[in-house]
Amino acid sequence: GGQGATNGTGLNGAVVADGSSTVAPLTEAAADLFRDVEPGVNVTVATSGTGGGFEKFCAGETDISNASRPIKEEEAAACAANGIEFTELIVANDGLAVVVPAANDFVTCLTVDQLGKIWGPASEGKINSWNQIDPSFPNTKLALFGPGTDSGTFDYFTKEINGEEGAIRTDYSPSEDDNVLVQGISGAEGGLGFFGLSYVTENADKVRAVDVDGGKGCVAASEASVQDGTYTPLGRPLFVYVNNASYSEKPQVKSFLDFYIEKQSEIAELAIFIGLTAEQVAVAKKELESLG
Amino acid sequence: MSVITASNVDVFYGKFRAVTGVTMDFNANEITALIGPSGCGKSTLLRSLNRMNDLVDGAHVTGEITFNGENIYAPDVDAIEVRRRIGMVFQKPNPFPKSIYDNIAYGPKVIGMKPSSMDDLVEEALTRAALWDEVKDKLKQSAFGLSGGQQQRLCIARTIAVKPEVILMDEPCSALDPIATMRIEDLMVELKQDYTIIIVTHNMQQAARVADKTAFFTALPDETTGNRTGVLVEYNETTKIFENPDDQRTEDYISGRFG
Amino acid sequence: MSVITASNVDVFYGKFRAVTGVTMDFNANEITALIGPSGCGKSTLLRSLNRMNDLVDGAHVTGEITFNGENIYAPDVDAIEVRRRIGMVFQKPNPFPKSIYDNIAYGPKVIGMKPSSMDDLVEEALTRAALWDEVKDKLKQSAFGLSGGQQQRLCIARTIAVKPEVILMDEPCSALDPIATMRIEDLMVELKQDYTIIIVTHNMQQAARVADKTAFFTALPDETTGNRTGVLVEYNETTKIFENPDDQRTEDYISGRFG
Amino acid sequence: MSTLTTQGGPAKSGRPSGLSQQSPRYGEKAVYLILRISAWLTVLITAAILVAFAIPSIEFFQQVPVLDFLFGDRWAPRFANSSFGVLPLVTATAWTTVIALSVAVPFGLGAAIFLSEYAHPRLRKVLKPVLEILAGIPTVVYGYFALTFVQTTVFREWLKLPTEAFSVLAAGIVMGVMIIPTIASISEDAMSSVPQAMRQGSAALGANRMQTTLRVVFPAALSGIIAAVVLGISRAVGETMIVAIAAGQQARIVGNPLEQGQTMTGFIANAALGDSRVGSLEYDTLYAVGLLLFILTLIINWISIAFVRRFREVY
Amino acid sequence: MKPFTSIGKIAAQGSVRGRAKGGEYSPKSIAFLLILWASLALAFAFLITLIVTTFIEGSPRLNSMLLTEFPASRPTQAGARPAILGSMMVIAFTALFTLPLGIAAGIHLEAFSDRKKWWNRVIELNVQNLAAVPSIVYGLLTLGALSALGVKDKNIVAAGAMALSLLILPVIIIVTRESIRAVPDEIRQGSLALGATPLQTLFRQILPSSVPGIATGSILALSRALGEAAPLLILGALVFVSFDPNGLLSGYTTLPIQIFNWTGRPQEEFHILAAAASIVLLALLLAMNAIAIVIRNRFQKRW
Ligand SMILES: Nc1ncnc2c1ncn2[C@@H]1O[C@H](COP(=O)(O)OP(=O)(O)OP(=O)(O)O)[C@@H](O)[C@H]1O
Ligand SMILES: Nc1ncnc2c1ncn2[C@@H]1O[C@H](COP(=O)(O)OP(=O)(O)OP(=O)(O)O)[C@@H](O)[C@H]1O
Ligand SMILES: [Mg+2]
Ligand SMILES: [Mg+2]
C-alpha cells in the first residue's frame, strides 16, 4: 500500500537504519521526503541507541547507523573483524542547550567550569543550591534534569563538561524522554537541565536556554553559533555511518543517501536540527562520490 | 384468629400476572398447606406474604395483604421488619457458609437483638428445631458439613432464633429423604403451638398429615390475556379437602395423585 | 431371566466404602425399585451398574457385575459400549442445550447408528416416551422451553433412541409435580414390555405402584472402620416388601413413611 | 402413530452383543496426545523463563555479589562509578504498588459491590463491559495523563504540593485507577456467583441489604475477592509504562510518596530502550532485575493461593 | 432440656410500621450505599476524564489521513497506517499462536488430567503463576530466547506475536477451564450415559456450550495484548515504518509504540497525533469488545 504513486526510477527494496534516537528523526525525515520520490523503497528506522546501532551495523545487519557521536575504536574494530567497511557522514548539526525554566530571571550565562561544578560526580550531595555556584544567585534549591544514561547526548555532555564519559553526579533526574525533562525543568523553581536545542525551540513558553561561556565569552545557542563553531563545547555534529558495500551494491541505499545530503537543509528543518554549512556539504558529497 | 389475611391479591412479574384474585385468611397457631400443580403460583403467593418478592425485579402486588391487621405493603412499612416477623424456610436448605453457631447467631445480631446470652439463644433455637443433640459437639464447624435434613432443620432453627410470629415454608422437605422428612413434619406440628405456619408442598400425604387447613390452587387461562395465571380453587379444613372436596378440579387433582 | 447380576459388590469412593456386599439379580422386562434412606448408596449402586461411576474420581468396584453373563468390569470391556446398552435417566431432567429434535438425534449419531431415516427414529422415540403429540410442532425449538415433566420424558426418549436393553432411573420424578409424575409412571409400565427398568425412588407409593420387585437398602456402620456403609436389607416382590416384609428394619422404614 | 418396526426390540439392535471395544479409536488417542502436549508446553515456558533469566543472572552475580545486589542502597549501574544495590528500585516499586492498591482496592470493591448487589441488572449489563473496556486503555495513555495532569496540573498547580517533576504518588494513583476495573470485574464475578439462596436466607431473617452484603455475600466470595486483589498486586508490580513515564527515573531510596523513584520495571524499560549489548554487564543487569521481579510475583501468587485455599467456600 | 425462656411463646410484637433500626433506610445503610455510589462514580469519572481529554486533544487530527498515511516528519502529513496494520497483524498472529494451544491445554487440564497425579497439579499451579507474571518479563524472555537462538532481527512481527502470545497464553488456559467448568455436569453425564465417548461429549456438547465464555475471555485477553507496549519496546519494535507489514518476518510497529514515540517528540502537533492515535486504539478495543458481546449474546445458553 501507499506505493504506486509517481515513480522516480522505480527502485525498490529496503534500506535498514538503526542507532541513535537523537538522530532518528533526521533519518526519518529523510525517509519521509524520499518516499515522495521513490515510493517503492522501504526505509526502516529503529532506535537501539548509538552503541546498539553500531553493534548491529558491524554485524552487517543494517545499511545505515545513526550516531550522535563518532564511532569508538572498539566498535570500529568489531566492524573490521566482520569485514564491514564504512564511511562516516555528517548530516546535521545540533546544539546541546543548557536549560532553565522560562520564569528564571537570574541566570543568563554559565561558564563550562560552573557547569562542571554543577554536574561533576564530586558535587553529588554537596552542591545543592544555586548560590553555591555563584554567590549572586539566590539560595534556591538546584533541581537537575538530564537525559538517561543510555543516550549519546549523555555521553557527549559528560565527556565535554566533566571530562569523562559517564562521569556525572547520580542525584539528578534522568529521563529518556525530552518532553518529560521539559516538564520537570519548567516546574521546578531552581530547575536546570540539558538537552537538544529543538526541544527548547518548541517549548519556548516553558523553558529557555542560557548562554554558555566556553572560554571566549557568552554565546547563545543558535543556528549560526552552532554552524560557525562558536557555540563550544556543546555544539556537535550528528552522524550517519554507511556500509560501503550497501552503498555500492544496493541502488536504493545509494539513492537514499545521495538524496539525504542533497536535501539536508530541508531535512534538518523538518527534524528541527541545524543544517550543514556549505563546507560540510561539500565534504559529504566528496565522501559519497569516492564510494562510487 | 387470623394473623395474615389476603384480599383480592394479584401478583405480577412485570406485565405477567402469576397469581390472580386470591382472598384467604391464615389462622394463628395452625398449619396451612398450599397445594397445586407446578406453576400455579404457590411460591409466588407465599413470597408475597413476607415481601420476599421485593427482591425479584419487576415483581409487584395489588390487593391487600395484612399482618395483624396492618397492610404490609403500606408505604411506611419497612419490608425488613415484615420479614423479621414473618420468617421463611426455603425448598433447598440454604445455610450460610459459616459455622453452625454463626448461622443461628447471624439473625439475632443483624436485627439488633441483645440477648443476655447468645449461647443460650443458639442452644434454645437448635433444641426447638430438634437439632441440638446432633450438633452440640460441632457448633464451630461449617454448616455445609451437615446432611441435607440437618441443614434444613438448621435453617428452621435460624428462623426461630429471630422470634418471628409466622413461618413460611416452601417445599421444605422436597430435597430430603423420608426419615428426614418425618422429623421435620414432627417439628412443624410441635412448632405450631407457638407459631403460625404456612407450607407449600407437592406431597399430598404431607399436607394430609400435618395441615389443619389446605388450599388448592391451579393455573387457568387469564380472561383478558390468555396467559395462564394461578387462582385459588378451594380452601378448607384439610380433612374436607382430602375426603370430600367441593370442587371437581380438587377432586381430580387429589385422586389423580392417589390413582 | 436375569439381565444384570451383582455378586458381592462393594463400591468405594477412594478409601470410603459406600456400598458393601450387595448380591442381587435384575430380571428382564421387570421394573425393580431400589428404596432406602438418604445416603444408603442407592445412587452409587445404580451408577456402578452401567459404569457411570468410572467418571467419578477415585470410585471403584469390587465383586462382580454381569450384563447378559459378561463381567462389565473385565479389562477388555469398553465402558462406552456398556453405557450404550444400559441407558440412564437422571434425577434432574438434563436435556442438552439443543433443539428437541437434536436432543433425540444426538445419541444415535454419536454411537454411529445409521438409521434409514433419522426423522422416523426421532418420531418413534418421542412416541414411545408419550411426548410426540405435545412436541411434534416444535421439534426445532430449544428443549429448555419444555416443562420439567416434558423435559424428563424427553430424556427418556433420548435414552430409548439408542436402543439400550436396560434403563436405569435415579429418582426420575423427584423434581416433578404429581401430574407429570403420573405420566412418567405410566410410561415406565408401558416401557417394561421391551426394556428392563431399574429405578431409585424416595417415594414409597411410587415403588408400590410401578415396581415388580423392590430392594430395601440401609446404611450400617462398617464392621472394621465404623463408617456408615450401604447394605441390602431385603429384596423381594414389591407386594411382599410392602405388605409383609421379613426384616424389621424394612417394616420400620415403610411404616414410618406411612405413619 | 407409526409402527415401531425400526425401533424394534432392543436385543435386535444388529450390533454384536459382546461388550468389548468395537474399534481401537486411534483418532481419539491422537487427540488426547495433542491436548496433553499443549498442557506440557506451559511447563516448557516456565523452564524457558528460568533458563533465559538464569544464564545472564549467573553472569551478573559473578561480578556483583548477591548480597550487595539485594541489600545495597545505591543503584547506579551505568554511571562511571557504578553500583548495583537494588533496594532503591524495590522501594520505588513498593511505594507505587501500595499507593495503587490503596486506591484500587476500596474503589474497586465499592464498585463491585454496587454492581453485584445494588445495580439493576440492566445497568450492570451496560456498566460491566464498559469497565472491561476501560481496563484495556493502553497504559501509555495513562502514563502521560499521570505526568501532565495529575502530577503537574493537580499536585503542583492546584494543590501546590512540595513535589518536583515526578512522583511515585502520581504514578501510583493513576496505576490504581488503571487497576480498578480489573479488581471490580473479578470481584463482581465472585460476588455474583454467590447463590441467590444465600441472600434470600439472609433477607428472610430481617437483615437489610447492607448487612446481607457485608456479612453473607462478602465473606462467601472472599476467595474470589482475594484472587482479584492479588491479580491487582501483580498488575501493579509489573506495570511498566506508567511508572516509566511518571514516577521518574532517578534510582534512589524513596522516603516519601512525593519523591520520584525508579521502579524495577521502569529500570528495565529504560535500559532496554538504550543500547545494552548482549553479554555486557548492563544486559545482565536487566535480567537480574527481571529475575527478581519474576520471583517477587511468584511469591505473591503463592501467598494468594494459600489464602484462597483457606477461604474457599463450596456451596 | 431448658425451658424456652428467651424464645418462649411469641407474643404479638406491635406494629410493623415505621423504620426498623436496621432497616433498608437506616442512616448506616444509606451512607453505605452512598459510599458505593461514590466509588463507582469516581472511578468512572476519572476514566472518562481521561478519555474525554484525550479525545478533545486528538480531535483535530481524527481524520482519514490518520488511517491512510504513513508516519512522517511533518506532523501534518503523518498517519498511523502501518501502526494500525501492525497492531492488527501482531494481534492476529498472537491469536493464531495462542488460541489453539491455550484452548487445548485448558481442555486437557479441566477435562482429562487426573488431579491425583502430582505433575498435573504442577502444571496447574504453573499456569496460575504464569498468569501473574508481568508483561515486561515476557518481553525479556522473548529477547533472551531469540538471542540464544541466534535470531538477530528481533523487531519482526513473529517476535512481537511470540512475546504477546506468552503473555496471554495462561489467561486463555484459565478462561477455557472456567468456561468448561461452568457447563453443568448433568450435560456431560447425559451425553456419556447415551454411549458417547468422552471426546464426542467434549466436542459436541461441552465445547459448543463454552464458546461464549472462551470467546469473551480470549477477546479480553487479546485486547489487553493490543494495548501492550513494554514487551514490544524491549524487543526493539520499530518506530518509523514507511511500509505495510506483510508477514511474520516483516518489520512492524504497533499503535501503542507509535503513540509512545509521538508523545516523545518535541512538536506539539505530534502530541495531538498521539492523542488521535489513542482514540483509534480505543476504537479498535471497542470493536473487539463488541464482537465479544455479540458472541456472548448469540451463543449464551441458559441452563
Ligand atoms: N422471578 C420470576 N420472574 C418471572 N416469572 C416468574 C418468576 N418466578 C415465577 N414466575 C412465573 O410465575 C408462575 C408461578 O410460579 P411459582 O414459582 O409461583 O409456581 P409454583 O406453584 O411455586 O410452582 P412449583 O410447584 O413448580 O414450585 C410461573 O408461570 C412462573 O414461570
Ligand atoms: N462422588 C462421591 N465421592 C465421595 N463420596 C460419595 C460420592 N457420591 C456419594 N458419596 C457418598 O456415598 C454414600 C452413598 O451416597 P449415594 O449418593 O449413593 O446415596 P443415595 O442412597 O443415593 O442417597 P440419596 O437418597 O440422598 O440420593 C454417601 O455417604 C455419600 O456421601
Ligand atoms: Mg414453587
Ligand atoms: Mg441418590
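What you see below is based on every heavy atom in this structure, not just the backbone, and it leaves out hydrogens, waters and symmetry mates. Naming convention: chains lettered A, B, ... in sequence-line order (proteins, then strands); numbering from 1 in each chain.
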Pick whichever of [options] has the most heavy-atom pairs under 4.5 Å with chain D.
options: E:Leu166, E:Ile107, E:Leu143; answer: E:Leu143
options: E:Leu130, E:Leu282, E:Leu109; answer: E:Leu130
options: E:Leu255, E:Val122, E:Thr197; answer: E:Thr197
options: E:Gly144, E:Ala41, E:Ala104; answer: E:Ala104
options: E:Leu33, E:Leu286, E:Ile35; answer: E:Leu33
options: E:Val133, E:Leu285, E:Ile136, E:Thr53; answer: E:Ile136

Next item on the list: Look at atom CZ of D:Arg36 and say whether more than 12 heavy atoms of other residues, nucleotides or ligands are closer to it than 6.0 Å.
Entry: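 It does not: D:Arg36 CZ has 12 such atoms or fewer within range.
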
Note to self: Looking at E:Phe97, I'd like to know if its CZ atom is crowded, meaning that more than 12 non-hydrogen atoms belonging to other residues, nucleotides or ligands lie closer than 6.0 Å.
What the structure shows: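 Buried by this count: over 12 neighbours within 6.0 Å.
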
What part of [X] gets within 4.5 angstrom of chain E, counting heavy atoms only: side chain, backbone, both, or neither?
X: D:Val150; result: side chain
X: D:Val43; result: both
X: D:Ile245; result: side chain
X: D:Ile305; result: side chain
X: D:Pro56; result: neither

Next item on the list: Anything under 30° is parallel, anything over 60° is perpendicular, the rest tilted; go ahead and classify E:Phe46 against D:Phe145.
Entry: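 Geometry flag for D:Phe145 against E:Phe46: perpendicular rings.
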
Next item on the list: For the residue pair E:Trp37 and D:Phe114, categorise the inter-ring angle as parallel (less than 30°), tilted (30 to 60°) or perpendicular (more than 60°).
Entry: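 If you compare the ring of E:Trp37 with that of D:Phe114, the planes turn out tilted.
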
So which part of [X] gets closer than 4.5 Å to some heavy atom of chain D, the side chain, the backbone, both or neither?
X: E:Asn289; value: side chain
X: E:Thr54; value: side chain
X: E:Thr216; value: neither
X: E:Leu50; value: both
X: E:Ile173; value: side chain
X: E:Val127; value: side chain
X: E:Ile103; value: neither

Greatest number of heavy atom pairs closer than 4.5 Å to chain E - which of [options]:
options: D:Val230, D:Ile137, D:Val103; result: D:Ile137
options: D:Ile180, D:Thr46, D:Val141; result: D:Thr46
options: D:Leu296, D:Ile34, D:Leu127, D:Ile233; result: D:Leu127
options: D:Phe294, D:Phe53, D:Tyr142; result: D:Phe53
options: D:Leu291, D:Ile55, D:Ile300, D:Leu214; result: D:Leu214
options: D:Ala111, D:Ala39, D:Ala104, D:Gly176; result: D:Ala39

To the nearest 0.5 Å, how far apart are [atom1] in [X] and [atom2] in [Y]?
X: E:Phe32; Y: D:Thr213; atom1: CZ; atom2: OG1; result: 5.5 Å
X: E:Arg224; Y: D:Thr182; atom1: CZ; atom2: OG1; result: 8.0 Å
X: E:His271; Y: D:Thr148; atom1: NE2; atom2: OG1; result: 10.5 Å
X: D:Phe107; Y: E:Leu40; atom1: CZ; atom2: CG; result: 11.0 Å
X: E:Ser135; Y: D:Arg235; atom1: OG; atom2: CZ; result: 8.5 Å

Under 4.5 Å between any side-chain heavy atoms of [X] and [Y], yes or no?
X: E:Ile259; Y: D:Tyr144; answer: no
X: D:Leu286; Y: E:Ile234; answer: no
X: D:Pro181; Y: E:Leu47; answer: yes
X: E:Ile257; Y: D:Val140; answer: no
X: D:Thr139; Y: E:Glu228; answer: no

Show the nearest heavy-atom pair for residues [X] and [Y], with the distance to one decimal.
X: E:Leu140; Y: D:Tyr287; value: O-OH, 2.7 Å
X: D:Ser234; Y: E:Ala132; value: CB-O, 3.4 Å
X: E:His108; Y: D:Leu35; value: CB-O, 3.5 Å
X: D:Gly238; Y: E:Pro134; value: CA-CB, 3.3 Å
X: D:Leu41; Y: E:Leu101; value: CD1-CD1, 3.3 Å
X: E:Ser29; Y: D:Met210; value: CA-SD, 3.9 Å

